[in-house]
*Asks:* 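Attaching a single structure in structure tokens format; questions to follow.
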Number of protein chains: 2
Amino acid sequence: MAETRWLDEREMAAWKGFLEATSRVSRHLEQQLKEDAGLSHAQYEILVRLSAAPGGEVRMTDLAHGLFTSKSGLTYQVSQLEKHGLVERRSCPTDVRGVLAVLTPEGRDTLRAAAPGHVAAVRAALIDVLERDELDVLAHALGRVGARLRPAGQDSGMADSGGISTSSS
Amino acid sequence: MAETRWLDEREMAAWKGFLEATSRVSRHLEQQLKEDAGLSHAQYEILVRLSAAPGGEVRMTDLAHGLFTSKSGLTYQVSQLEKHGLVERRSCPTDVRGVLAVLTPEGRDTLRAAAPGHVAAVRAALIDVLERDELDVLAHALGRVGARLRPAGQDSGMADSGGISTSSS
DNA sequence: GACAGGTGGTTCAGATTTGAAGAACTGGGA
DNA sequence: TCCCAGTTCTTCAAATCTGAACCACCTGTC
């Protein structure tokens with residue numbers, strides 16, 4: 001094994017900054033969503049993906065890609081959403097095994113209600129804290145970082161999940 | 001309530017990049033540590049903090065600051081470490097309520113053994129993917145982001161946790 | 001058509017996390 | 001001294017997450 005290349009001061013600063021920002025932002029948004037909308041971040045993301053899809057329906061598998069939980073985790077979260085009436089399960093017409101998650105009207109309403117507060121929180125926690133050029137560097141650099149760790153042959157899943165949380169509705 | 005300021009394209013790219021990089025890196029490192037050293041990232045961080053402290057001992061409370069888990073989470077993780085003989089609990093001499101977590105020799109060995117692989121993984125996943133200037137921008141920008149969400153009157157807890165994982169031993 | 005191998009989702013047990021509640025104690029003022 | 005508010009840490013139940021095991025099903029091949 002080669003000699004270990006330890007982190008120098010600047011590298012360490014970047015790593016620690018990343019670690020701290022990461023956990024604080026995630027915890028902060030998790031709480032904001034829970035308080036304001038009764039949703040976990042994972043659930044919010046599911047709703048966003050569904051709302052962006054034509055018909056408001058997406059195969060479980062497609063949902064799992066790009067959504068950063070395990071398959072069983074997704075099953076669990078969708079069940080929770082179903083229990084609250086925000087999503088329905090429907091069997092896939094082209095593949096009997098398949099299951100479609102379908103956004104209900106209540107789900108769409110919930111998302112519509114939650115989105116403004118969430119976007120505001122994202123701005124306050126991250127976006128509006130950054131300068132314009134920092135924002136771009138961050139987007140490029142972290143984009144590369146994320147892409148490299150992406151399972152082979154998998155689309156970003158982030159490419160166009162725009163929907164309610166992105167552009168003006 | 002003011003009109004919602006939705007995210008424009010560049011802002012959205014930054015946010016999504018952040019989200020994806022965040023979860024992929026964290027998941028990746030979690031697995032690397034688990035496989036190579038049988039530690040969770042949280043446990044690794046605890047060991048690092050202890051190894052950097054004089055005497056290898058730190059109050060639970062001090063450990064909790066800067067470590068991004070709840071108090072009960074810390075109790076749980078320290079119990080796990082104790083069960084594996086990497087850490088001992090000792091009561092604090094200056095405050096009967098207090099508990100000191102103390103690094104055992106086995107704990108120090110475990111950390112020493114785990115550190116090179118972990119640093120290599122951090123490099124491969126994040127640090128070596130970034131250009132020099134991106135690294136600095138990221139450190140400054142995310143440093144600011146993390147600091148803003150820091151509970152009032154709390155030191156970074158990241159300031160000097162150097163120890164084994166930082167500089168050349 | 002029948003088979004082998006891969007896919008899609010769920011279920012399960014076990015690990016982890018969280019906030020709330022509790023038990024024990026400190027510290028400073030009346 | 002006594003009391004009260006605040007601190008420290010643990011315990012508890014409930015929620016969540018994970019990987020492995022599992023069943024049902026699709027698909028390409030012979």
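Here is how names work: the chains are called A, B, and so on, in the same order as the sequence lines, proteins then strands, and each is numbered from 1.
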*Asks:* In whole Å, what is the span from the CD atom of Q43(B) to the C1' atom of dA15(C)?
*Replies:* 11 Å
*Asks:* Using a strict heavy-atom distance below 4.0 Å, which residues from residues 85-98 of chain B are in contact with DNA chain D?
*Replies:* R89(B), R97(B), G98(B)
*Asks:* Take the C1' atoms of the five end pairs on each side of the helix from dG1(C)-dC30(D) to dA30(C)-dT1(D), derive the two axes, and give their angle rounded to 10 degrees.
*Replies:* 10°
*Asks:* Which residues pass the side-chain contact (heavy atoms from CB on, under 4.5 Å) test with A120(B), not counting sequence neighbours?
*Replies:* none
*Asks:* Round to the nearest Å and state the distance from L81(B) atom CG to dA15(C) atom P.
*Replies:* 15 Å
*Asks:* Going by heavy atoms in the side chains, are D109(A) and L86(A) under 4.5 Å from each other?
*Replies:* no
*Asks:* In B/S/- notation, 5' to 3', how is nucleotides 18-23 of chain C contacted by protein heavy atoms closer than 4.0 Å?
*Replies:* BB----
*Asks:* Distance check needed: dT16(C) P versus L33(B) CG, whole Å only.
*Replies:* 14 Å
*Asks:* Checking R89(A) against S79(A): is there a side-chain donor and acceptor pair closer than 3.5 Å?
*Replies:* yes
*Asks:* Given dA15(C), is OP1 or OP2 found less than 4.0 Å from the side-chain N or O atoms of K83(B)?
*Replies:* no
*Asks:* Of all residues at least two apart in sequence or in a different chain, which pass the side-chain contact (heavy atoms from CB on, under 4.5 Å) check with E9(A)?
*Replies:* none
*Asks:* Once you round it to whole Å, what is the distance between P of dG8(C) and CG of L100(A)?
*Replies:* 13 Å
*Asks:* Return each pair, listed once, that meets salt bridge (Lys or Arg N to Asp or Glu O under 4.0 Å) where at least one residue sits in residues 63-81 of chain A; pairs must be two or more places apart or across chains.
*Replies:* none
*Asks:* Could you pull out all residues at least two apart from T22(B) that satisfy side chain to side chain donor-acceptor pair (under 3.5 Å)?
*Replies:* T22(A)
*Asks:* Kindly write out the residues that satisfy side-chain contact (heavy atoms from CB on, under 4.5 Å) with A37(A), not counting sequence neighbours, or none if the list is empty.
*Replies:* L39(A), A114(A)
*Asks:* Quick one: which residue pairs count as a salt bridge (Lys or Arg N to Asp or Glu O under 4.0 Å) with a foot in residues 57-67 of chain A, not counting sequence neighbours?
*Replies:* E57(A)-R90(A), R59(A)-D95(A)
*Asks:* I need the CG-C1' distance between L39(A) and dT16(D), as an integer number of Å.
*Replies:* 15 Å
*Asks:* Would you kindly give the CD-to-C1' distance between E30(B) and dC17(D), to the nearest whole Å?
*Replies:* 12 Å
*Asks:* Considering residues at least two apart in sequence or located in another chain, which fulfil the side chain to side chain donor-acceptor pair (under 3.5 Å) criterion with R144(B)?
*Replies:* E134(A)
*Asks:* Taking CD from Q77(A) and P from dT10(C), how many angstroms apart are they, rounded to a whole number?
*Replies:* 13 Å
*Asks:* Apart from L100(B) itself, which Ile, Leu, Val, Met, Phe, Trp or Tyr residues share its cluster (side-chain heavy atoms under 4.5 Å, direct or through members)?
*Replies:* V102(B)
*Asks:* Ignoring backbone atoms, establish whether R59(A) has a side-chain N or O less than 4.0 Å from OP1 or OP2 of dG9(C).
*Replies:* yes
*Asks:* If I take atom CG in residue L63(A) and atom P in nucleotide dT10(C), what distance separates them, rounded to the nearest angstrom?
*Replies:* 11 Å
*Asks:* Looking at Q80(B), I'd like to know whether one of its side-chain N or O atoms comes within less than 4.0 Å of OP1 or OP2 on dT16(C).
*Replies:* yes
*Asks:* Just jot down the side-chain contact (heavy atoms from CB on, under 4.5 Å) partners of S40(B), sequence neighbours excluded, or say none.
*Replies:* E30(B), K34(B), A42(B), Q43(B), Q77(B)
